[in-house]
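I have a structure here, written as structure tokens, and I will follow up with some questions on it.
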Amino acid sequence: MSDTNFTEILKEKKLKITPQRIAILEELDKNGHSTVDDIFNRIKIKIPSVSLATVYKNILALQSMDILKSVKTPTQKQKYEINKKPHIHLFCKICEKLEDFEIDISDFQDYCKNASGYENIEEASILLTGICKECSAKKI
Ligand SMILES: [Zn+2]
Ligand SMILES: [Zn+2]
């Protein structure tokens, strides 16, 4: 994604376009799941005057407009990612890596809707823990 697209996204959501917001989106686009500290440390290189509080405030603003999503991991701080196609997360218990896993969960959501009677089931936040391929290979 280029700057222009992020500018468009911010415009569409009627958020003020600031260099900090563009930088946050660029970093997340490049690096995927990141903590506030990760994002802050990377942005500081480009925008030395930025503060951790500013980064945090901007992340919350972007999250409230559904541009960013937060992901809770079992052991680490909250991570953020750009809101894209629905997906679930895999978390390795050994190296603590967090990976996206794209899977169609509409059958599962239909099942839950029918079994629970809930309407408008649309958002799933599913995280499965296990041992990743690389770590299982090392275990021998
Ligand atoms: Zn691993
Ligand atoms: Zn993800």
### Message
Going by salt bridge (Lys or Arg N to Asp or Glu O under 4.0 Å), name the residues that satisfy it together with Asp38, two or more places apart in sequence or in a different chain.
### Response
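Here no residue qualifies.
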### Message
Under the rule for side-chain contact (heavy atoms from CB on, under 4.5 Å), what residues qualify as partners of Phe101, not counting sequence neighbours?
### Response
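Applying side-chain contact (heavy atoms from CB on, under 4.5 Å) to Phe101 gives Ile88, Leu90, Ile103.
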### Query
Got a donor-acceptor contact below 3.5 angstrom from the Ser116 side chain to the Asn114 backbone?
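No.
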### Task
Could you list the residues that satisfy salt bridge (Lys or Arg N to Asp or Glu O under 4.0 Å) with Glu99, not counting sequence neighbours?
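So Glu99 forms no salt bridge (Lys or Arg N to Asp or Glu O under 4.0 Å) with any residue.
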#### Entry: Results of side-chain contact (heavy atoms from CB on, under 4.5 Å) for Ser49 - residues two or more places apart only
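Once residues adjacent in sequence are excluded, the partners of Ser49 under the side-chain contact (heavy atoms from CB on, under 4.5 Å) criterion are Ile47.
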### Task
Not counting sequence neighbours, which residues clear side-chain contact (heavy atoms from CB on, under 4.5 Å) with Asp100? List them please.
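side-chain contact (heavy atoms from CB on, under 4.5 Å) list for Asp100, sorted by chain: His33, Glu81, Lys84, His87, His89.
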### Query
Mind checking what makes salt bridge (Lys or Arg N to Asp or Glu O under 4.0 Å) contact with Glu102, not counting sequence neighbours?
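Listed in chain order: Lys85.
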### Task
Treating Ile, Leu, Val, Met, Phe, Trp and Tyr as nodes and any side-chain heavy-atom pair under 4.5 angstrom as an edge, say whether Ile9 and Ile17 lie in one connected cluster.
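Per the 4.5 Å side-chain linkage, Ile9 and Ile17 are co-clustered.
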### salt bridge (Lys or Arg N to Asp or Glu O under 4.0 Å) contacts touching residues 47-56 (sequence neighbours left out)
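Qualifying pairs: none.
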### Message
Do Leu128 and Phe108 land in one hydrophobic cluster if side-chain heavy atoms of ILVMFWY residues count as linked below 4.5 Å?
### Response
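Hydrophobic grouping puts Leu128 with Phe108.
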### Query
Of the non-hydrogen atoms in Gln20 and Ile43, which two are nearest, and what is the gap between them?
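Closest pair (atom of Gln20, atom of Ile43, distance): O-CD1, 4.4 Å.
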### Task
Output the distance between atom CZ (Arg21) and atom CG (Leu15), rounded to the nearest 0.5 Å.
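Separation between the atoms: 5.0 Å.
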### Query
To the nearest 0.5 Å, how far apart are OG1 in Thr35 and CD1 in Ile59?
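These two atoms lie 8.5 Å from each other.
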### Query
What's in the same ILVMFWY side-chain cluster as Ile131, cut-off under 4.5 Å, chained through other members?
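Ile94, listed by chain and number.
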### Query
Among all residues two or more places apart in sequence or in another chain, which pass the salt bridge (Lys or Arg N to Asp or Glu O under 4.0 Å) test with Asp37?
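In terms of salt bridge (Lys or Arg N to Asp or Glu O under 4.0 Å), with neighbours along the sequence ignored, Asp37 is linked to Lys77.
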### For Lys46, side-chain contact (heavy atoms from CB on, under 4.5 Å) partners two or more places apart
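With neighbours one apart ignored, the set is Glu26, Glu27.
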### Task
Check whether any side-chain heavy atom of Tyr80 lies under 4.5 Å from a side-chain heavy atom of Ile24, and answer yes or no.
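No, side chains not in contact.
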### Closest approach of Lys72 to Leu127 (non-hydrogen atoms, all atoms of both residues)
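That closest heavy-atom pairing would be O-CD1, 3.3 Å.
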### Message
Please list all pairs meeting ring-ring contact (aromatic ring centres under 6.0 Å, His included) that have one or both residues in residues 34-58, counting only residues at least two apart or in different chains.
### Response
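Non-adjacent pairs meeting ring-ring contact (aromatic ring centres under 6.0 Å, His included): zero.
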### Task
Answer with yes or no whether the hydrophobic clustering places Ile126 together with Tyr111; edges join I, L, V, M, F, W, Y residues whose side-chain heavy atoms lie under 4.5 Å apart.
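No: no chain of side-chain contacts under 4.5 Å links Ile126 to Tyr111.
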### Lys13 atom NZ: more than 12 heavy-atom contacts under 6.0 Å
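Above 12, so yes.
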### Rounded distance (nearest 0.5 Å) linking atom CG of Asn58 with atom OG1 of Thr18
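That separation rounds to 5.0 Å.
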### Side chain proximity check, Leu25 to Asn5, heavy atoms < 4.5 angstrom
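In short, these two side chains do not touch, never coming nearer than 4.5 Å.
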#### Entry: Pairwise side-chain contact, Glu134 with Lys97, heavy-atom cut-off 4.5 Å (strictly under)
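Side-chain contact under 4.5 Å: yes.
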### Message
Show the nearest heavy-atom pair for residues Cys92 and Cys132, with the distance to one decimal.
### Response
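Scanning both residues, the minimum pair turns out to be SG-N, 3.4 Å.
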### Task
To the nearest 0.5 Å, tell me how far Ser34 OG sits from Leu98 CG.
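One gets 10.0 Å once the value is rounded to the nearest 0.5 Å.
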Can you give the donor-acceptor pairs under 3.5 Å from side chains of residues 61-71 to other protein atoms, not counting sequence neighbours?
residue	atom	partner	partner atom	Å
Gln63	NE2	Ser70	OG	3.3
Ser64	OG	Ala61	O	2.8

